[in-house]
Amino acid sequence: MSTPMITPKRRFEGQTVIITGAGSGIGWATAQRVAHEGGRVVAVDINQERLDALSEELHNYTVHTVRADVSSEEDIVAIMDCAGNTIDALINNAGIMDGFEPLHEVNDDVWERVMRINVDSVMRLSRAVLPYMLEAGSGAIVNVVSEAALRGSAAGAAYTASKHAVVGLTLSGAAIYTPLGIRINAVAPGGTRTNIVAQPASALGADRVFKIAGAIGARVAEAREVAAAITFLASDDASNISGAVLPSDDGWSAV
Ligand SMILES: NC(=O)c1ccc[n+]([C@@H]2O[C@H](COP(=O)([O-])OP(=O)(O)OC[C@H]3O[C@@H](n4cnc5c(N)ncnc54)[C@H](O)[C@@H]3O)[C@@H](O)[C@H]2O)c1
């Protein structure tokens, strides 16, 4: 019989992990978990106050903060300068909601903003990090998508399209890079208690989405529960997993 695998308590010891949107919610909980498990965290957020609060809470751990807009190519340079040449994991978590607008109500501003922050950012930062992972022959990327990446009834058209696009980047990346030692996966959270702004701007869209979600009745999760799935996929515990889209949603995706 082979020796069973035991989850080490400090799965990120000696590792550098970039986490975007680390100033709040799921990103904050992921930064906490990685730091407590020995990782060097490069915590990225557009909101300096939130980063300062994270630094204060994790002052006994190795946490570098970078105020950056993840959708801006210039700001990606600052993130990479802070991370250095060895990046063990990248968690593409930063994202924004839409206003539940159905397709005929989507305006260009909402579409551009949601696609830029939810999709362009994932492409830009992954593109910057991958050459270093290729050089090392190892690495893990975890993209935070949504229930809206799995179905059409969890958000508006722009957010739903953006999260489906990130699944595309996840699968394309996994198909190409897994044989080269780089795993790429996604976590699809259901409703999670965070600071995300989900302000309905469409009566039609909100009514339909809330009715369906209400009928399913999945509970609202805590951010740390989603962080557990993210850190699992980012760690060597998931050494045999690439190209997965893992729901963390109290069973919503099964209904
Ligand atoms: N909360 C939920 O119910 C839920 C459900 C499904 C998916 N998600 C996804 O989880 C991820 C994290 O969301 P959350 O709920 O923790 O939200 P949150 O608003 O609590 O945290 C997101 C963080 O990202 C930062 N951010 C926003 N735009 C940025 C940018 N351009 N550059 C850098 N940082 C930026 C914000 O300042 C914020 O601190 C998002 O991708 C979101 O789509 C959330």
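Atoms within a ligand are numbered from 1 in the order they appear, just like the ligands themselves. Computation of the quantities below employed the complete heavy-atom set of this structure, encompassing side-chain atoms and omitting hydrogens, waters and symmetry-equivalent molecules.
- For Thr20, the heavy-atom gap to ligand 1 stays at 4.0 angstrom or more.
- Annotation: atom 34 (N) of ligand 1 to nearest protein heavy atom, Ile46 N, 3.2 Å.
- Summary of contacts: the protein heavy atom closest to atom 4 (C) of ligand 1 is Gly190 O, 4.0 Å.
- The ligand atoms of ligand 1 that sit less than 4.0 angstrom from a heavy atom of Gly95 are 40 (C), 41 (O).
- With ligand atoms numbered from 1 in the order given, ligand 1 contributes 9 (C), 10 (O), 11 (C), 41 (O) to contacts under 4.0 Å with heavy atoms of Val144.
- Within ligand 1, the atoms closer than 4.0 Å to a non-hydrogen atom of Ile26 are 10 (O), 16 (O), 44 (C), numbered from 1 in the order shown.
- Atom 36 (C) of ligand 1 has Asp45 OD1, 3.4 Å as its closest protein atom, hydrogens excluded (heavy atom only).
- Not a single N or O atom of Asn47, backbone or side chain, sits closer than 3.5 Å to an N or O atom of ligand 1.
- Closest to atom 12 (C) of ligand 1, if we only count protein heavy atoms, is Asn93 OD1, 3.1 Å.
- In this view, Glu57 satisfies the salt bridge (charged side-chain N to carboxylate O under 4.0 Å, His left out) rule with no residue, not counting sequence neighbours.
- Of the heavy atoms in Tyr159, only side-chain atoms (C-beta onward) come closer than 4.0 Å to ligand 1.
- Contact detail for His164 and Arg151: the closest heavy-atom pair is CE1-O, 3.8 Å.
- Heavy atoms of Ser121 stay at 4.0 angstrom or farther from ligand 1.
- Nearest heavy atom pair, residue Leu58 against residue Ala35, reads CD1-CB, 4.2 Å.
- Ligand 1 has an N or O atom lying under 3.5 Å from an N or O atom of Arg50, backbone or side chain.
- At a heavy-atom cutoff of 4.0 Å, ligand 1 is contacted by the backbone of Ala68 but not by its side chain.
- Taking a cut-off of under 4.0 Å to the non-hydrogen atoms of Gly191, the atoms of ligand 1 that pass are 3 (O).
- Thr86 contributes atom OG1, which lies 9.0 Å from atom CZ of Arg40 (distance to the nearest 0.5 angstrom).
- Of the protein's non-hydrogen atoms, the one nearest atom 32 (N) of ligand 1 is Val70 N, 3.0 Å.
- With a 4.5 Å cut-off on side-chain heavy atoms, Met80 and Val129 count as touching.
- Ligand 1 has no N or O atom lying under 3.5 Å from any N or O atom of Glu147, backbone or side chain.
- Of the protein's non-hydrogen atoms, the one nearest atom 14 (P) of ligand 1 is Thr194 OG1, 3.5 Å.
- Using a 4.0 Å cutoff on heavy atoms, Val145 counts as a contact of ligand 1.
- With hydrogens and angles disregarded, no donor-acceptor distance shorter than 3.5 Å links the side chain of Arg219 to the backbone of Gly191.
- Closest protein heavy atom to atom 18 (P) of ligand 1: Ser24 OG, 3.6 Å.
- Inclusion of Gly21 in the set of residues having an N or O under 3.5 Å from an N or O of ligand 1 is not warranted.
- The side-chain contact (heavy atoms from CB on, under 4.5 Å) test with Arg67 is passed by exactly one of Val44, Asp45, Ile46: Ile46.
- Listed by atom number, the atoms of ligand 1 under 4.0 Å from Asn195 heavy atoms are 19 (O), 20 (O).
- Side-chain atoms of Ser126 and Asn92 include a donor-acceptor pair closer than 3.5 Å.
- With a 4.0 Å cut-off on non-hydrogen atoms, Lys163 touches ligand 1 through its side chain and not its backbone.
- A donor-acceptor pair is defined here as one N or O able to donate and one able to accept, closer than 3.5 Å; such a pair exists between the side chain of Asn185 and the backbone of Gly243.
- Taking 4.5 Å as the limit, every side-chain heavy atom of Arg127 sits out of range of all side-chain heavy atoms of Ile76.
- Side chains of Ile87 and Met133 form a contact here, defined as non-hydrogen atoms less than 4.5 Å apart.
- Across all non-hydrogen atoms, the minimal contact from Phe100 to Ala206 is CB-N, 3.9 Å.
- The atoms of ligand 1 that sit less than 4.0 Å from any heavy atom of Gly25 are 16 (O), 20 (O).
- Counting only distance, with no hydrogens or angles, the side chain of Ser71 and the backbone of Asp120 share no donor-acceptor pair below 3.5 Å.
- Under a 4.0 Å criterion applied to the non-hydrogen atoms of Asp69, ligand 1 contributes the atoms 30 (C), 31 (N), 32 (N).
- Considering only residues two or more places apart in sequence or on other chains, Asp69 meets the salt bridge (charged side-chain N to carboxylate O under 4.0 Å, His left out) condition with Arg116.
- Remark: minimum distance from atom 6 (C) of ligand 1 to any protein heavy atom is reached at Pro189 O, 3.2 Å.
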(request) Would you check, one step at a time, whether the test side chain to side chain contact (heavy atoms under 4.5 Å, CB included) holds for Ile141 with Leu130? (result) CA-CA 9 Å; Ile141 297 178; Leu130 276 163; 4.0 Å; yes
